[in-house]
**Student:** 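This is the structure, below, for whatever I ask next.
We count residues from 1, following the sequence as given.
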Amino acid sequence: MKSILFALSIASSLALAQPTQASAPEVPSVQQLGAFAQFSGFTLSPDGQHIAALRADGEERVIAVWRTDALNEAPTLIGSNRMKITGVSFIKNDRLAVSFWQPFDLRTDRVTRTFLNKLMITDLQGRDWKEPLTLPRATSRAEELMQARVSPTVLDSLPNDSHHILVVNNVGSNAGDVYRVDLRNYSSVRVQISGENVAGYVADLDGELRARLKTNVDSVGAYIAAEFRNPQSNAWEEHFRSYVKNRDQTQIIGFSSDPNIAFIESNEGRDKSVIYEYDIASKQRKEVLFEHKFFNANRVLVNPYRSAGSGFGAILGLGYEGPRGDDVEWTSPQMRSLDAGLRQALGITNAALELVDPATSDRATIEYPAQKDYRITGFTPDFSTVLLMVSGASAPPEYYLFRNGQLSLLAKAYPELDTRALGQTELVYYAARDGLQIPAFLTRPDPELCGTGPLPAVVHPHGGPWSRDSIDFDGSMWVPLMASRCKVVLRPQFRGSDGWGRKLWMAGDTEWGQKMQDDKDDGAKWLVDQGIAQAKRIAMFGYSYGGYSAFAAAVRPNGHYKCAIAGAGVSDIERIWARFYTNPFFRQAQAPTVKGLSPLTQAANIQIPIMVYHGVRDQTVPIEQSEWFVARAKQSGQDVEYHEIADYAHGPAWTRAIMTEQLKIIDDYLGGGCGGQGL
């Protein structure tokens with residue numbers, strides 16, 4: 001690595017305002033937290049000559065495009081006067097894929113309020129806009145609704161093909177068909193007619209469709225089949241079958257430069273997933289490439305560029321679901337050298353971190369960059385130009401360009417935020433009442449701002465529940481909001497959470513509102529026992545499944561909570577799953593795991609005050625789930641507060657006004673409600 005140069009101000013449009021370092025941390029307003037990031041979603045052209053990003057413009061976002069050799073010049077700006085821009089990415093050196101959305105009302109026998117999504121492709125000046133596929137005219141109201149809710153997606157940008165991309169059509173009776181689109185004239189050829197229940201395709205490094213997943217049910221139960229295309233017969237052949245009732249997961253995650261060698265991720269016979277090579281022709285598993293004792297292995301990072309000297313097909317690194325969810329161990333000497341230089345230049349340091357395996361209770365202490373780390377989000381074939389993002393739980397994203405030995409700061413997502421007010425986050429473990437080790441992310445407010453505690457606390461379970469949290473920056477702004485208001489935040493990775501191994505994942509089956517809820521309550525008790533939280537000043541706040549948890553917390557007797565906040569929560573688990581699990585696969589795959597407490601049955605006897613909010617356009621958890629609960633909860637004599645948010649779906653927020661409204665009702669309730677005088 002040559003000299004390191006930090007460009008503190010690249011252009012007037014990229015001026016990086018720095019917060020004034022007052023004697024005490026400056027608490028961010030809900031307007032600041034609710035605003036769009038000033039810059040986000042940076043993307044690099046394959047040749048490294050341009051970068052693009054989303055730039056905030058009040059309620060809108062525009063696309064900004066720069067030449068990498070002229071970052072001091074004003075960017076080209078591309079806007080939209082109809083739909084809102086939600087994302088941008090380079091698919092070729094001179095083509096951008098742009099995603100949009102807008103509210104959409106489908107009027108049949110009733111009004112379905114949802115959002116319409118669209119994918120468009122444009123040049124670097126935003127002059128020529130094309131749809132990657134021309135959709136057939138909808139022939140029914142049902143098809144019109146389907147077209148409104150989904151949009152074609154780019155399956156593969158084909159980095160070694162100058163003119164073509166692979167696109168999946170996600171609508172109508174041809175859902176999942178794959179097309180090769182010529183970007184010179186936007187003609188398309190269907191290269192794969194999708195069969196029923198196909199879950200997705202994987203292309204090899206030459207852009208040929210070689211693998212796919214398919215869901216089905218047999219006499220044993222629901223399963224996912226991993227299939228390869230036979231190059232001689234062109235037929236799809238099953239190689240693996242994983243039964244979901246066992247939480248077996250075997251999937252094809254990529255290909256070597258030898259198209260006969262695939263990379264397989266599998267947890268078959270294990271608690272954690274490993275990655276191994278697989279010889280397709282002989283149907284032979286080869287040696288394990290990567291396994292991690294505490295986390296699932298999940299990625300192989302391969303150089304996809306075939307240009308001379310690029311190291312086509314070389315394995316650059318291996319990924320796993322660590323504390324950040326997408327951690328990487330670099331394996332190639334080139335990447336290890338680059339990684340060491342970048343960490344030194346960016347001031348990224350390690351600290352001791354204790355890990356505990358929920359499956360075995362084994363412990364180990366590792367060195368880990370818990371406060372902030374970086375991700376490579378784009379690179380040229382020779383790695384002379386690299387785009388990266390630096391972030392952490394209390395470090396909003398910052399974007400950098402490494403080019404010809406120089407490292408330049410491009411932008412900070414939230415330059416006005418005083419990050420000291422966001423506290424510090426760590427991965428912790430506590431024992432549930434039955435001894436199971438529960439991972440959790442603990443955010444402690446800044447002691448200069450809030451004192452050393454014990455402090456008021458919020459137990460904040462994630463949605464899903466087959467999901468997980470990470471130690472990275474919380475873009476929902478819920479954790480920054482609460483921590484900056486001097487609330488300890490505990491995010492338990494309760495049983496039923498995915499991403500921590502099979503044992504923790506399966507331990508949540510049929511335990512909704514029971515052992516799954518015990519884990520959250522045990523987390524609240526742990527906070528008190530550790531002297532972190534005040535016993536009489538703990539709340540629960542969650543969204544979606546987390547909203548269900550808040551409903552459950554309100555109805556369970558002898559709880560730890562002063563109040564609860566339920567966002568878009570499920571209150572009647574029977575009706576919600578009857579709505580979702582209408583096909584045989586999903587009925588067998590997940591419906592049997594969803595049993596336990598249905599909070600609606602006990603809503604009239606809630607034990608604590610509760611605030612409920614729900615988006616009117618939510619098509620994931622219908623707003624009736626909150627309406628039913630609130631109507632009965634008002635019979636309890638407890639304080640019940642209810643907010644309907646117009647033009648809000650199941651997230652994200654349609655406007656910054658809506659985002660701010662959501663944050664404000666949470667802030668107001670914890671600050672002055674919660675049964676009186678706030679938490």
**Student:** Can you tell me how far apart CD (Gln31) and CG (Leu663) are? Round to the nearest 0.5 Å.
**Tutor:**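 Reported value, rounded in 0.5 Å steps: 9.5 Å.
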**Student:** If you look at every heavy atom in Ala554 and Ile610, which pair is closest and at what distance?
**Tutor:**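 Heavy-atom minimum between the residues: CB-CD1, 4.0 Å.
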**Student:** Quick one: NZ on Lys634 to CD on Glu641, what's the gap to the nearest 0.5 Å?
**Tutor:**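 Reported to 0.5 Å precision, the distance equals 10.0 Å.
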**Student:** Checking Gln517 side chain against Ser549 main chain: does a donor-acceptor pair fall under 3.5 Å?
**Tutor:**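 Confirmed, Gln517 side chain pairs with Ser549 backbone.
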**Student:** With ring-ring contact (aromatic ring centres under 6.0 Å, His included) as the test, would you mind laying out the steps for Tyr642 and His614 before giving the verdict?
**Tutor:** CA-CA 8 Å; Tyr642 179 55; His614 212 123; 8.0 Å; no
**Student:** Please collect all disulfide (SG to SG under 2.5 Å) contacts where either partner lies in residues 492-571, sequence neighbours excluded, each pair once.
**Tutor:**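 Qualifying pairs, neighbours excluded: Cys563-Cys674.
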**Student:** Answer yes when Arg375 and Asp472 have at least one side-chain N-carboxylate O distance shorter than 4.0 Å, and no when they do not.
**Tutor:**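 Yes.
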**Student:** Just by modelled atom types, is the Leu600 backbone N or O under 3.5 Å from a matching donor or acceptor in the Ser571 side chain?
**Tutor:**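 No.
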**Student:** For the residue pair Arg468 and Pro323, what are the closest heavy atoms and their distance?
**Tutor:**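 Looking at all heavy atoms of both residues, the shortest contact is NH2-O, 3.4 Å.
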**Student:** For the atom pair OG (Ser484) and CG (Leu417), what is the distance rounded to the nearest 0.5 Å?
**Tutor:**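 Answer for the OG-CG pair, Ser484 versus Leu417, is 9.0 Å.
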**Student:** Which residues satisfy the side chain to side chain donor-acceptor pair (under 3.5 Å) test with Arg61, sequence neighbours excluded?
**Tutor:**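 Counting only residues at least two positions away or on another chain, Arg61 forms no side chain to side chain donor-acceptor pair (under 3.5 Å).
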**Student:** Is it true that Lys372 and Ser391 share a donor-acceptor pair across their side chains at a distance under 3.5 Å?
**Tutor:**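 Side chains of Ser391 and Lys372: no pair found under 3.5 Å.
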**Student:** If you round to the nearest 0.5 Å, how far is OH of Tyr320 from OG of Ser273?
**Tutor:**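 Rounded to the nearest 0.5 Å, the OG-OH separation comes to 15.0 Å.
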**Student:** Sub-3.5 Å donor-acceptor pair from the side chain of Asn246 to the main-chain atoms of Asp248, do we have one?
**Tutor:**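 Answer holds: no.
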**Student:** Over 60° means perpendicular and under 30° means parallel, so classify the ring planes of Phe39 and Phe42, tilted if in between.
**Tutor:**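 It falls in the tilted class, 30° to 60°.
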**Student:** Would you please test Tyr548 and Tyr545 for ring-ring contact (aromatic ring centres under 6.0 Å, His included) and show each step?
**Tutor:** CA-CA 5 Å; Tyr548 163 88; Tyr545 170 82; 5.4 Å; yes
**Student:** Scan side-chain atoms only and decide if Tyr368 and Arg324 contain a donor-acceptor pair under the 3.5 Å cut-off.
**Tutor:**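 Per modelled atom types, Tyr368 and Arg324 side chains form a pair under 3.5 Å.
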**Student:** Examine distances only and state if a side-chain atom of Thr655 and a backbone atom of Ile658 form a donor-acceptor pair shorter than 3.5 Å.
**Tutor:**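 At least one qualifying donor-acceptor pair exists.
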**Student:** Counting only N and O atoms by type, is there a donor-acceptor contact under 3.5 Å from the side chain of Lys520 to the main-chain atoms of Gln493?
**Tutor:**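 It does not hold such a pair.
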**Student:** Would you call Arg495 and Asp434 a salt bridge, taking side-chain N to carboxylate O under 4.0 Å as the test?
**Tutor:**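 Looking at Arg495 and Asp434, the cut-off is met.
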**Student:** Of the non-hydrogen atoms in Asp271 and Asn296, which two are nearest, and what is the gap between them?
**Tutor:**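 Answer, listing the atom of Asp271 first, then Asn296: O-OD1, 4.1 Å.
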**Student:** Applying disulfide (SG to SG under 2.5 Å), which residue pairs with at least one partner in residues 432-544 are found, sequence neighbours left out?
**Tutor:**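 For residues 432-544, and leaving out neighbouring residues, the disulfide (SG to SG under 2.5 Å) pairs sorted by first residue read Cys450-Cys486.
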**Student:** Can you tell me if Gln638 uses its side chain to pair, donor with acceptor, with the backbone of Gln607 under 3.5 Å?
**Tutor:**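 Judged by distance alone, yes, a pair lies under 3.5 Å.
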**Student:** What donor-acceptor contacts under 3.5 angstrom involve side-chain atoms of residues 476-483, with partners at least two apart or in another chain?
**Tutor:**
unit_1 : atom_1 : unit_2 : atom_2 : d
Ser476 : OG     : Asp474 : OD1    : 2.7
Ser476 : OG     : Asp474 : OD2    : 2.9
Ser476 : OG     : Trp478 : N      : 3.2
Trp478 : NE1    : Gln662 : OE1    : 3.1

**Student:** Is the number of heavy atoms from other residues, nucleotides or ligands under 6.0 Å of Gln677 CD greater than 12?
**Tutor:**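 No, because the 6.0 Å sphere around CD of Gln677 holds 12 heavy atoms or fewer from other groups.
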**Student:** Take Asp667 and Arg485 through the side chain to side chain contact (heavy atoms under 4.5 Å, CB included) test and state the conclusion after the steps.
**Tutor:** CA-CA 8 Å; Asp667 192 27; Arg485 272 62 174 168; 3.3 Å; yes
**Student:** Of the options Arg247, Lys503, Arg502, which is the one that meets Asp509 in a salt bridge (charged side-chain N to carboxylate O under 4.0 Å, His left out)?
**Tutor:**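 The single option meeting the salt bridge (charged side-chain N to carboxylate O under 4.0 Å, His left out) with Asp509 is Arg247.
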**Student:** Under a 4.5 Å cut-off applied to non-hydrogen side-chain atoms, are Ile348 and Pro369 in contact?
**Tutor:**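 Counting from C-beta outward, Ile348 and Pro369 do come under 4.5 Å.
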**Student:** Ion pair present between Arg420 and Asp418, side-chain N to carboxylate O less than 4.0 angstrom?
**Tutor:**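 Salt bridge flag = yes for Asp418 with Arg420.
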**Student:** So which atom in Pro609 and which in Gly675 form the shortest heavy-atom distance, rounded to 0.1 Å?
**Tutor:**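 Where Pro609 meets Gly675 most closely, the heavy atoms are CG-CA, 3.6 Å.
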**Student:** Only counting residues at least two apart or in another chain, list the ones meeting ring-ring contact (aromatic ring centres under 6.0 Å, His included) with Tyr430.
**Tutor:**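 If we apply the ring-ring contact (aromatic ring centres under 6.0 Å, His included) test to Tyr430, skipping adjacent residues, the hits are Trp526.
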**Student:** Could I get the full list of salt bridge (charged side-chain N to carboxylate O under 4.0 Å, His left out) partners for Lys84, not counting sequence neighbours?
**Tutor:**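 Partners of Lys84 by the salt bridge (charged side-chain N to carboxylate O under 4.0 Å, His left out) criterion, ordered by chain and then number, come out as Glu60.
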**Student:** Looking at Asp522 and Lys515, does any basic side-chain N land under 4.0 Å from a carboxylate oxygen?
**Tutor:**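 Answer for the salt bridge query: no.
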**Student:** Check this for me, if you would: do Arg363 and Asp357 make a salt bridge, where the nitrogen-to-carboxylate-oxygen distance has to be below 4.0 angstrom?
**Tutor:**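 Salt bridge: no.
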**Student:** Any chance you could measure Lys487, atom NZ, to Leu455, atom CG, to the nearest 0.5 Å?
**Tutor:**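 Interatomic distance, Lys487 NZ to Leu455 CG, rounded to 0.5 Å: 9.5 Å.
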**Student:** ring-ring contact (aromatic ring centres under 6.0 Å, His included) with Phe100: which residues, sequence neighbours excluded?
**Tutor:**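 With sequence neighbours excluded, Phe100 shows a ring-ring contact (aromatic ring centres under 6.0 Å, His included) to Trp129, given in chain and number order.
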**Student:** What's the verdict on side chain to side chain contact (heavy atoms under 4.5 Å, CB included) for Val594 and Thr510, showing C-alpha distance, side-chain angles and the deciding distance?
**Tutor:** CA-CA 5 Å; Val594 184; Thr510 71; over 6 Å; no
**Student:** Between Lys525 and Asp521, does any NZ, NE, NH1 or NH2 come within less than 4.0 Å of an OD or OE carboxylate oxygen?
**Tutor:**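 Looking at Asp521 and Lys525, the cut-off is not met.
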**Student:** To check you understand the geometry: which heavy-atom pair defines the closest contact between Pro461 and Met540, and what is its length?
**Tutor:**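 Smallest heavy-atom distance, with atoms named: CD-CG, 4.0 Å.
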**Student:** Between Asp518 and Arg433 (salt bridge meaning N to carboxylate O under 4.0 Å), is one present in this structure?
**Tutor:**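 Salt bridge between Asp518 and Arg433, a charged N being under 4.0 Å from a carboxylate O: yes.
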**Student:** Could you tell me whether Glu426 and Arg444 make a salt bridge, using a distance below 4.0 angstrom between a side-chain N and a carboxylate O?
**Tutor:**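 Looking at Arg444 together with Glu426, the answer is yes, because their closest N to O distance falls below 4.0 Å.
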**Student:** Distance alone, cut at 3.5 Å: any donor-acceptor contact between the side chains of Thr86 and Ser99?
**Tutor:**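 Distance-only check passes for Thr86 and Ser99.
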**Student:** Is the number of heavy atoms from other residues, nucleotides or ligands within 6.0 Å of CZ (Arg656) greater than 12?
**Tutor:**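 Check passes, neighbour count above 12.
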**Student:** How many angstroms lie between CD1 in Ile471 and CG in Asp469, if you round to the nearest 0.5 Å?
**Tutor:**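 It comes to 11.0 Å.
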**Student:** Give me each pair satisfying disulfide (SG to SG under 2.5 Å) with a member in residues 590-628, each pair once, sequence neighbours excluded.
**Tutor:**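 Not a single pair qualifies under disulfide (SG to SG under 2.5 Å).
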**Student:** Please identify each residue that fulfils ring-ring contact (aromatic ring centres under 6.0 Å, His included) with His643, with sequence neighbours left out.
**Tutor:**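 His643: no ring-ring contact (aromatic ring centres under 6.0 Å, His included) contacts found.
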**Student:** Going by the rule side chain to side chain donor-acceptor pair (under 3.5 Å), which residues pair with Gln249 if we only count those two or more places apart in sequence or in a different chain?
**Tutor:**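 Gln249: no side chain to side chain donor-acceptor pair (under 3.5 Å) contacts found.
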**Student:** If only atom types and distance count, is the side chain of Thr601 paired as donor or acceptor with the main-chain N or O of Ser598 below 3.5 Å?
**Tutor:**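 Checking the backbone N and O of Ser598 against the side chain of Thr601, a donor-acceptor pair under 3.5 Å is found.
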**Student:** Could you tell me which residues satisfy ring-ring contact (aromatic ring centres under 6.0 Å, His included) with Trp505, sequence neighbours excluded, listed by chain and number?
**Tutor:**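 By the ring-ring contact (aromatic ring centres under 6.0 Å, His included) rule, Trp505 matches Trp466.
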**Student:** Write down the atom of Ala440, the atom of Leu490, and the distance for their closest heavy-atom approach.
**Tutor:**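 Residues Ala440 and Leu490, closest heavy atoms: CB-CD1, 3.7 Å.
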**Student:** Donor-acceptor pair, distance only, cut-off 3.5 Å: does the side chain of Ser40 make one with the backbone of Ala37?
**Tutor:**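 The answer is no, because no donor-acceptor pair under 3.5 Å joins these two groups.
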**Student:** Quick one: which residue pairs count as a ring-ring contact (aromatic ring centres under 6.0 Å, His included) with a foot in residues 646-679, not counting sequence neighbours?
**Tutor:**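 Qualifying pairs, neighbours excluded: Trp101-Trp654, Phe115-Trp654, Tyr543-His650.
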